[in-house]
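None of these values were measured; they are calculated from a predicted model.
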Amino acid sequence: MKQAVETHEAGFASMIFLFALFLVSALTIGAACYIAQATVILGLEKSNTIVMQEMDALLDDITGDLLSDPSPEVNGIDDPVWAWNGKTINGYTISVLPISDRINPNLVRKNIFDKTGLSRLFRPGHTADDLQQFREDAGLYLAGDAFQDFFEERVFTKYFSPYGWANINLTDEFAARSLGTALTGDPLKGEALRDAIRLLLLDRRLMDRENLPAFLGASFGELYPFINAEPLMNINFVEKLILGELLAYPDYHIRRPETICAEVVSRRSRESIGTEDLCSILGIDKTNPLFYYLGCITWFWEITILTEQGDKKDHSLRAVVCRLPPGTNPAESSPVYKIIERRFT
């Protein structure tokens, strides 16, 4: 299958404009089940070297295994793509990392910190209020170092990621306003999105996939898929600390959260947990906000290929692959993946 290649300039700092440039352009290609490549070359000329060609071939094989997953509605330890993680082939070492099954510092609401032990992840002297104000003042960022004042590097790397979709039920209303304004180019539409989320909060309502288009109205086409109603994190890969604190969140009314957390961690080490099992284990359905935090799909992956060519400088290829949300009728189409970032060094 021939893959389309798109070339973009590197160096955008804002998550909003990176997503807008990469994903909106990718969506225009069509709904076929293939992976479009967005090539970002840092510090190198656009010449195809043997190393790059070999890295490209490996990346094609790896992304091919993402597409060939026999259980596309569940990403777990038994997926074909995991056979590549830590593998070395002809001097190339490969790593596969899910990067959306963490907290997105651009979009997370304050209450998740204020009502759980996740507040301890902040550097001393910083709070969720500070993070919210920072986003209002400085905007939303794809680069992790933008948040270095709030989190130590090791903490940020393990528990946070700026890669991820915005679930309308869980996104901070002010961050949603910024995101909506950037996506539509209209501050009034951004403010309307904020008002919509605030209305959900006031009415204590949750929006599901099927009803989202009607709820967002005329702006749906501009906001989707960036704003959707899909679960944010994959229960099969989310860090134990995040899982445990979400289960213990008082408003979610999960009985015996510590016991359930231990059960999930134990079970996912042996087999993948699907949606029905997830709901049964947690005792939740669509009426519980936790349903929109924890699902079974990983939306963003990072694939890294490293090599050392004798006395020459090491080379690397880093690619970020995203899976598009399924739309309102997911059964009608196969999963669609896009390479939204690709860097050779």
(request) Might you point out which heavy atoms bring Phe291 and Cys279 nearest each other, and give the distance in Å? (result) CE1-SG, 3.8 Å
(message) Closer than 3.5 angstrom, by distance alone: can the side chain of Asn228 be matched with the main-chain N or O of Pro225 as a donor-acceptor pair?
(response) yes
(request) Classify the side-chain pair Tyr163/Glu341 by whether it contains a donor and acceptor separated by less than 3.5 Å. (result) yes
(request) Mind listing the closest non-hydrogen atom pair of Met233 and Ser100 along with its distance? (result) CG-O, 4.2 Å
(message) Closer than 4.0 angstrom, basic N to acidic O: yes or no for Lys110 and Glu173?
(response) no
(message) Salt bridge check, Glu230 against Arg209: does any charged N sit closer than 4.0 Å to a carboxylate O?
(response) yes
(request) Without swapping roles, check the side chain of Asp65 against the backbone of Ile62 for a donor-acceptor pair under 3.5 Å. (result) no
(request) Without swapping roles, check the side chain of Arg123 against the backbone of Gln148 for a donor-acceptor pair under 3.5 Å. (result) yes
(message) Using the side chain to side chain contact (heavy atoms under 4.5 Å, CB included) definition, which of the options Leu243, Asn75, Ile99 pairs with Phe237?
(response) Asn75
(message) So which atom in Gly274 and which in Cys296 form the shortest heavy-atom distance, rounded to 0.1 Å?
(response) C-SG, 3.3 Å
(request) Indicate yes or no: at least one non-hydrogen side-chain atom of Ile273 is less than 4.5 angstrom from one of Arg268. (result) yes
(message) With a 3.5 Å distance limit and no angle check, can you tell me whether Arg102 reaches the backbone of Phe160 through a side-chain donor-acceptor pair?
(response) yes
(request) Using modelled atom types only, decide if a donor and an acceptor are shared between the side chain of Arg135 and the backbone of Pro105 within a distance under 3.5 Å. (result) yes
(request) Might you point out which heavy atoms bring Asn85 and Val96 nearest each other, and give the distance in Å? (result) OD1-N, 2.9 Å
(request) Could you tell me whether the side chain of His253 and the main chain of Asp251 form a donor-acceptor pair under 3.5 Å? (result) yes
(message) Donor-acceptor check, side chain of Thr116 to backbone of Ile112, threshold 3.5 angstrom: yes or no?
(response) yes
(message) What's the separation between atom CG in Asp130 and atom CZ in Phe113, rounded to the nearest 0.5 Å?
(response) 11.5 Å
(request) Answer yes when Lys158 and Glu152 have at least one side-chain N-carboxylate O distance shorter than 4.0 Å, and no when they do not. (result) no
(request) Treating Ile, Leu, Val, Met, Phe, Trp and Tyr as nodes and any side-chain heavy-atom pair under 4.5 angstrom as an edge, say whether Phe174 and Leu107 lie in one connected cluster. (result) no
(message) Checking side-chain polar atoms at under 3.5 Å, does Arg270 have a donor or acceptor matched by the opposite partner on Ser266?
(response) yes
(message) Is there a path of hydrophobic side-chain contacts, each under 4.5 Å between heavy atoms of I/L/V/M/F/W/Y residues, joining Leu199 to Leu170?
(response) no
(message) Same cluster or not: Leu59 versus Leu306, using hydrophobic residues (I, L, V, M, F, W, Y) connected whenever any side-chain heavy atoms lie under 4.5 Å apart?
(response) no
(request) Could you check whether the rings of Tyr249 and Tyr252 sit parallel, tilted or perpendicular, using 30° and 60° as the cut-offs? (result) tilted
(request) Check whether any side-chain N or O of Asp69 sits under 3.5 Å from a backbone N or O of Asp79 as a donor-acceptor pair, and report yes or no. (result) no
(request) Give the minimum heavy-atom separation between Ala176 and Leu193, together with the two atoms involved. (result) O-CD2, 3.3 Å
(request) Could you verify whether a donor N or O on one side chain and an acceptor N or O on the other, from Asp172 and Gln132, lie under 3.5 Å apart? (result) yes
(message) Hydrogens and angles aside, do Ser272 and Asn236 bring a side-chain donor and acceptor to less than 3.5 Å of each other?
(response) no
(request) Verify, without hydrogens or angle tests, whether Glu302 (side chain) and Leu97 (backbone) share a donor-acceptor contact under 3.5 angstrom. (result) no
(message) Is the shortest side-chain heavy-atom distance between Phe122 and Leu131 below 4.5 Å?
(response) yes
(request) Please lay out, stage by stage, how His315 and Leu317 fare under the test side-chain contact (heavy atoms from CB on, under 4.5 Å). (result) CA-CA 7 Å; His315 296 279; Leu317 168 63; over 6 Å; no
(request) May I ask whether Trp299 and Leu212 are part of the same hydrophobic cluster, defined by side-chain heavy atoms of I, L, V, M, F, W, Y residues being less than 4.5 angstrom apart, directly or through others? (result) yes
(message) Any heavy-atom pair between the side chains of Lys286 and Leu206 that's under 4.5 Å?
(response) no
(request) Look only at the side chain of Arg109 and the backbone of Thr171, and say whether a donor-acceptor pair between them is shorter than 3.5 Å. (result) yes
(message) Please tell me whether Leu294 and Val74 are part of a single hydrophobic cluster in this structure, the criterion being side-chain heavy atoms less than 4.5 Å apart.
(response) no
(request) Verify whether the ring centers belonging to Phe150 and Phe134 lie closer than 6.0 Å. (result) yes
(message) Give me the atom names and distance for the closest heavy-atom approach of Ala138 to Tyr141.
(response) O-OH, 3.0 Å
